[in-house]
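Written below as C-alpha cells is the structure these notes are about.
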Amino acid sequence: MKHVTIPVTKHDIIPLLAMIKQKGSFNNEFYPVIDQLVATVGQMKREEIISDNDMDEIRRFFGQDFLENTLQGMALLKKYGYAGDFIMIDKIYTGNTSGNQFFHSWDQYFNNHAAPKAVRNRKRYFKQLVLQKLQAGNSVKLLNVASGPARDLLELYTEKPPAKKLETLCIEMDSHAVAYGENLTAPYAADIRFINKNIFKFDTEEKFDLVWSAGLFDYFDNKTFVYVLNKFKNWVTGQGEIVIGNFNESHNPSREYMELFGNWYLQHRSANQLKALAIEAGFNDNQLTVGAEAENVNLFLH
C-alpha cells in the first residue's frame with residue numbers, strides 16, 4: 001500500500017478511500033499516504049474544487065460505525081456538543097484504540113499525529129510544573145480551570161510525595177465531565193473539589209498558588225482571552241503563577257487534519273501573540289515567559 005497514487009482530481013478521492021476500506025487495516029508505513037491525501041484534500045478545499053457537501057461525503061465515507069468508534073469520528077460527531085470533550089481528551093491521554101482491526105488502524109494514525117502527542121505532553125508538562133512547586137515548598141493550592149476528565153490530576157496525586165499537600169479546586173462547565181472527573185479521582189476526594197460552572201459566571205475570594213488552564217483559551221477570541229485572564233489575576237497569590245495553554249500558530253502539523261476531518265477549529269497563537277494579550281490584560285513584559293511541550297505544538301503562557 002506504500003505505492004498508492006494520490007488523487008489528482010476530486011473524483012479520485014472516493015476510490016482511494018474505498019481501496020483503504022477494502023484493505024481492512026494498515027500500519028505506520030502507510031501514514032505518509034494518508035498525510036498526502038489530507039494535504040491534497042485541503043488544497044482542493046482551499047481552491048474550492050471540493051465543496052462543503054463533497055467534504056461531508058469524504059468525512060462520512062466509512063459509515064456511522066466508524067464515526068462512533070474511532071477517535072477521528074468522535075472528533076467530528078462531538079457527542080457532548082463541543083470539540084475536545086472530556087471523553088475525547090481522556091482517550092487521547094491514554095492512547096486509546098479500538099479493538100476493531102480497521103478502526104484500530106485509524107486510531108493509531110490519529111494518536112501518532114503531533115497534536116495528540118502534544119496533548120499527552122501537556123499532561124506531563126502540568127504534572128512536572130506542580131511537582132516542582134511541591135518540591136519547593138510543603139503545599140500548593142491549585143485552581144484547575146476547564147479540568148476535563150481530570151486524568152492529569154489522578155496521575156499527579158498518584159505520583160506526588162505523600163508528605164506534600166496539594167489542594168485542588170476544579171472549575172468545569174460540563175456536568176458530565178464533572179461526574180467523570182469526580183469518579184476518576186475518588187481516591188483523592190478529600191483534596192479535590194469540583195464546581196460545575198461556566199468560567200464566565202464563576203468567581204471566588206480564594207487565592208491560589210497556581211491557576212492552570214490548558215484546554216480552554218484556544219477556543220477564545222482575543223477579547224475573551226483578555227477578559228478571562230483579567231479574572232484570573234484576582235485569584236492568584238502574590239507569589240503565585242498563572243499558566244495558560246494554547247496551540248501554536250507557528251507549528252501544528254496536525255492542524256489541517258483536525259480541521260478537515262474533525263471539524264475541530266482552535267485559535268492558534270504565537271508566543272509573541274500570547275505575551276501581547278497578557279500585556280493587554282495588565283501584566284508587564286518582565287512577568288511573562290512562554291514554554292512549550294516537546295512537540296512545540298502546545299505553548300504555555302506563564
Would a distance-only check, ignoring hydrogens and angles, find a side-chain to backbone donor-acceptor pair under 3.5 Å from Ser213 to Val145? yes

Checking Lys233 side chain against Ala281 main chain: does a donor-acceptor pair fall under 3.5 Å? yes

Indicate yes or no for a side-chain donor-acceptor contact from Gln287 to the backbone of Asn284 under 3.5 Å, with no hydrogens or angles considered. yes

Give me the one residue out of Phe208, Trp212, Phe217, Phe202 that meets ring pair (Phe, Tyr, Trp, His ring centres under 6.0 Å) with Phe232. Phe217

Test your reading of the model: is there a side-chain donor-acceptor pair from Arg59 to the backbone of Leu260, 3.5 Å cut-off? yes

Partner set under side-chain hydrogen bond (donor to acceptor under 3.5 Å, both in side chains) for Glu295, not counting sequence neighbours: none

The complete set of side-chain hydrogen bond (donor to acceptor under 3.5 Å, both in side chains) pairs with one or both residues in residues 140-156, sequence neighbours excluded, reads Asp90-Arg151, Lys123-Glu155, Lys127-Glu155, Lys141-Glu206

Taking the side chain as everything from C-beta on, heavy atoms only, tell me whether Glu280 gets closer than 4.5 Å to Phe225. no

Thinking salt bridges, do Arg255 and Glu249 make one under a 4.0 Å N-O criterion? yes

May I ask you to decide if Asn263's main-chain N or O and Lys78's side chain share a donor-acceptor pair within less than 3.5 Å? yes

Which atoms form the tightest heavy-atom contact between Asp191 and Tyr157, and what is the distance? O-OH, 3.3 Å

Output yes when a side-chain donor or acceptor of Glu172 lies under 3.5 Å from a complementary backbone atom of Gly148, and no otherwise. yes

Taking salt bridge (charged side-chain N to carboxylate O under 4.0 Å, His left out) as the definition, give me every residue that meets it alongside Asp209, ordered by chain and number, with sequence neighbours left out. none

The single option from Tyr109, Tyr257, Trp106 that satisfies side chain to side chain donor-acceptor pair (under 3.5 Å) with Gln72 is Tyr257

Among residues at least two apart in sequence or on other chains, which ones pass salt bridge (charged side-chain N to carboxylate O under 4.0 Å, His left out) with Lys91? none

Taking every non-hydrogen atom, the tightest pair across Met258 and Ala115: SD-CB, 3.7 Å

Say whether, by atom type as modelled, one donor and one acceptor occur between the side chain of Gln273 and the main chain of Ser270 under 3.5 angstrom. yes

Tell me which pairs pass salt bridge (Lys or Arg N to Asp or Glu O under 4.0 Å) where either residue lies in residues 34-51, with sequence neighbours left out. Lys45-Asp52, Arg46-Glu256

I'd like to know if the side chain of Asp54 and the backbone of Ser51 have a donor-acceptor N/O pair within less than 3.5 Å. yes

Nearest non-hydrogen partners of Ser105 and Tyr31, listed with the distance: O-OH, 4.4 Å

Please list all pairs passing the ring pair (Phe, Tyr, Trp, His ring centres under 6.0 Å) test where one or both residues lie in residues 265-292, with sequence neighbours left out. Phe247-His268

